[in-house]
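Only a predicted model underlies this, so the values are computations on that prediction, with no experimental measurement involved. Counting from 1, the numbers follow the sequence of the chain as shown.
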Amino acid sequence: MMRLRVLLFAAVRQSAQQDWIDVDVAEDSPVAGDVLAAVADQLPAIAPLIPSCRLAVDDSYVGNNTPIDDTSIIALIPPTSGG
């Protein structure tokens with residue numbers, strides 16, 4: 001297993017009541033979707049928010065099939081609004 005730290009922002013941080021979560025994913029070619037599934041498994045309180053969130057890896061938004069490695073900086077970012 002590979003342990004990854006996922007930074008949480010805005011509504012997901014408030015719902016989780018923590019700034020980050022460490023998740024375990026399989027070491028054989030993990031992708032962003034695996035990280036999202038692991039976050040939902042570990043924090044069921046924010047699972048309903050995850051489909052509307054974007055995952056950023058190393059400061060860029062990524063799709064669910066983007067490869068992840070253990071040096072990546074990962075952030076879960078909910079939608080924002082404002083003017």
Please round to the nearest 0.5 Å and tell me the distance separating atom OG1 of Thr66 and atom CG of Asn64.
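The OG1 atom of Thr66 sits 8.0 Å away from the CG atom of Asn64.
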Can you measure from CG (Asp28) to CE (Met2) and round to the nearest 0.5 angstrom?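 Going from the CG atom of Asp28 to the CE atom of Met2 covers 9.0 Å.
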Could you tell me which non-hydrogen atom of [X] sits nearest to which non-hydrogen atom of [Y], and how far apart they are?
X	Y	value
Val6	Val39	CG2-CG2, 4.1 Å
Phe9	Ala75	CE1-CB, 3.5 Å
Gly63	Ala32	O-CB, 3.3 Å
Asp41	Pro44	O-CD, 3.9 Å
Ile46	Ala16	CG2-N, 3.8 Å
Ala47	Ala40	CB-CB, 4.0 Å

* To do: Please list, chain by chain and in numerical order, all residues satisfying side chain to side chain donor-acceptor pair (under 3.5 Å) with Asp22, sequence neighbours excluded.
  =>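 So Asp22 forms a side chain to side chain donor-acceptor pair (under 3.5 Å) with Arg5.
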My understanding is that only one of Leu55, Leu43, Val12, Leu36 makes a side-chain contact (heavy atoms from CB on, under 4.5 Å) with Ile50; could you say which?
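With Ile50 as partner, Leu55, Leu43, Val12, Leu36 yield a single side-chain contact (heavy atoms from CB on, under 4.5 Å), made by Leu36.
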Heavy-atom donor-acceptor pair, [X] side chain to [Y] backbone, under 3.5 Å:
X	Y	result
Ser15	Ala11	yes
Arg13	Leu8	yes
Asp58	Ser72	no

Is the shortest side-chain heavy-atom distance between [X] and [Y] below 4.5 Å?
X	Y	value
Val57	Ile68	yes
Ile77	Tyr61	yes
Leu7	Ile73	yes
Val25	Met1	no

message = List the residues meeting salt bridge (charged side-chain N to carboxylate O under 4.0 Å, His left out) with Asp24, not counting sequence neighbours, and say none if there are none.
response =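 Partners of Asp24 under the salt bridge (charged side-chain N to carboxylate O under 4.0 Å, His left out) test: Arg3.
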